[in-house]
Structure formats: structure tokens, C-alpha cells
Amino acid sequence: MTDVDREMLRTTFGQDAELYDRWRPGYPPPLFTDLATLAGLGPDARVLEVGCGTGQATLPLARLGCTVVAMDLSSSMAAIARRNLAPFPNVTVVASAFEDWQSSDGPFDAVLSATAFHWLDPEVRMIKAAELLRPGGTLG
């Protein structure tokens, strides 16, 4: 896949964010139980979620009590994620490309991406994720 193809395809999800939110299936709850155990996620954990969409994976992280920065490339998807996650003051939703975003709050305990990591620039994704993690942090 060329860079142009990847860039075009990764923006298609936000073209109808309401439809995406209505029909996109969620993730199985045991996934988050395992993730919490393996990565040590809980109320003291800081998590960066890349490609949050409308918040399907963000919601279980918020319920664990994690402090989550959830980002999505699409401002439409981010707006719906904000709406869906409004009851959780521990979640901040950012409309930004991962490649362009800069953290100002220090390292994260985990950098997670449920189904979007492969859309990120392969020249950037691993290096930037490592830079955003605390020593011993988890990339998932």
C-alpha cells in the first residue's frame, strides 16, 4: 500500500461518523480484563488511545478508572466520542493525527490502539509510541 492509499483510506471512517457509531461492533469484555491484568491498568494508569473512533474501546478503559487521552484523526468521530464519554471526566478526546500530536503531560503507562495502528505512518508509529511511554509501559 502506498502512502497516498493509506492516507486516503484512513480518512474514510469519519465520512459518516453517526452511522459508524450506530453499527460498529464493540469489543469483547474479556479483552479489557486481560489488558488491565497484563498492562496493570486501573485508576492510577494514564492511557493514550490512538484511533478511538466514537469510543468503543475507550468506554471500558474509562470504566476501569484510567485517565485516558483518546484521539482520532476525524473531528466528526472525536465529537461523537466526546458525547459518548461525557459522563467520564477522566477522559479527554482529541481530534488529531497521531503523527502530529504532541503530549504536554508526560509519559503514558500504556499506548493502545484497538484497530487503527496499521493506518499510522510506519516511519513514525513505533518510534513515537515508544517516546510517549514511560519506562516499562505497555504498547497494545
Side-chain angles (χ1 to χ4, degrees):
M1 176 182 309
T2 69
D3 289 345
V4 172
D5 292 337
R6 187 182 63 258
E7 196 60 34
M8 182 196 67
L9 289 171
R10 79 184 208 159
T11 61
T12 61
F13 299 97
Q15 291 177 2
D16 192 338
E18 289 290 347
L19 185 65
Y20 180 95
D21 187 52
R22 190 173 316 123
W23 294 105
R24 173 71 169 88
Y27 300 96
L31 171 70
F32 296 96
T33 303
D34 291 348
L35 183 61
T37 300
L38 294 170
L41 300 182
D44 294 326
R46 290 190 69 240
V47 177
L48 173 63
E49 183 191 4
V50 181
C52 69
T54 60
Q56 288 90 345
T58 320
L59 185 58
L61 296 169
R63 287 181 177 147
L64 286 170
C66 300
T67 298
V68 181
V69 175
M71 75 171 49
D72 200 273
L73 178 65
S74 164
S75 59
S76 300
M77 298 283 252
I80 294 173
R82 281 188 204 97
R83 180 186 73 203
N84 291 342
L85 297 158
F88 298 94
N90 53 322
V91 176
T92 302
V93 179
V94 177
S96 176
F98 174 73
E99 296 87 346
D100 299 331
W101 183 75
Q102 298 295 316
S103 174
S104 59
D105 295 329
F108 291 88
D109 298 302
V111 173
L112 306 174
S113 182
T115 56
F117 205 70
H118 63 287
W119 294 117
L120 304 176
D121 182 343
E123 299 286 324
V124 175
R125 61 186 173 211
M126 294 301 288
I127 293 167
K128 185 160 188 172
E131 290 171 348
L132 290 166
L133 283 169
R134 68 163 171 77
T138 301
L139 173 62

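All residue numbers in this chain count up from 1 along the given sequence.
- Tracing side-chain contacts under 4.5 Å through hydrophobic residues (I, L, V, M, F, W, Y), one never reaches Ile80 starting from Phe88; they form parts of separate clusters.
- Smallest separation of non-hydrogen atoms from Arg134 and Asp109: NE-OD1, 2.6 Å.
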Trace of the side chain to side chain contact (heavy atoms under 4.5 Å, CB included) decision for Ser103 with Phe108: CA-CA 10 Å; Ser103 174; Phe108 291 88; 3.8 Å; yes

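- Once rounded to the nearest 0.5 Å, the distance linking CG of Leu139 with CG of Leu112 reads 8.0 Å.
- Here the closest heavy-atom approach between residue Ala62 and residue Val91 is recorded as CB-CG2, 3.6 Å.
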Test side chain to side chain contact (heavy atoms under 4.5 Å, CB included) applied to Asp105 and Arg46, step by step: CA-CA 10 Å; Asp105 295 329; Arg46 290 190 69 240; 3.3 Å; yes

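- Heavy-atom minimum distance, Ala95 versus Ala78: CB-CB, 3.8 Å.
- With rounding to the nearest 0.5 Å, the separation of CG in Leu41 from CG in Asp34 is 11.5 Å.
- Summarising the geometry of Thr138 relative to Ala39, their closest heavy-atom pair is OG1-CB, 3.6 Å, with the distance given to 0.1 Å.
- Taken together through direct or relayed side-chain contacts under 4.5 Å among Ile, Leu, Val, Met, Phe, Trp and Tyr, Val47 and Tyr27 form part of one hydrophobic cluster.
- The minimum heavy-atom distance linking Ala17 with Met77 is given by the pair CB-SD, 3.7 Å.
- Scored by the side chain to side chain donor-acceptor pair (under 3.5 Å) test, Arg63 finds no partners at all (sequence neighbours excluded).
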For residues 52-59, which side-chain donor-acceptor pairs fall under 3.5 Å, sequence neighbours excluded?
unit_1, atom_1, unit_2, atom_2, d
Thr54, OG1, Asp21, OD1, 2.7
Thr54, OG1, Gln56, OE1, 3.3
Thr54, OG1, Gln56, NE2, 3.1
Thr58, OG1, Glu49, OE1, 2.4

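- With rounding to the nearest 0.5 Å, the separation of CG in Leu61 from OG1 in Thr67 is 11.0 Å.
- A distance of 9.0 Å separates CG in Leu48 from OG in Ser113, rounded to the nearest 0.5 Å.
- Connection of Phe32 to Val111 is not established within any shared hydrophobic cluster, with ILVMFWY side chains joined at heavy-atom distances below 4.5 Å, either directly or through further cluster members.
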Scan the side chains in residues 126-133 for donor-acceptor partners under 3.5 Å anywhere in the protein, sequence neighbours excluded, and list what turns up.
unit_1, atom_1, unit_2, atom_2, d
Lys128, NZ, Phe98, O, 2.8
Lys128, NZ, Glu99, O, 3.3
Lys128, NZ, Trp101, O, 2.3

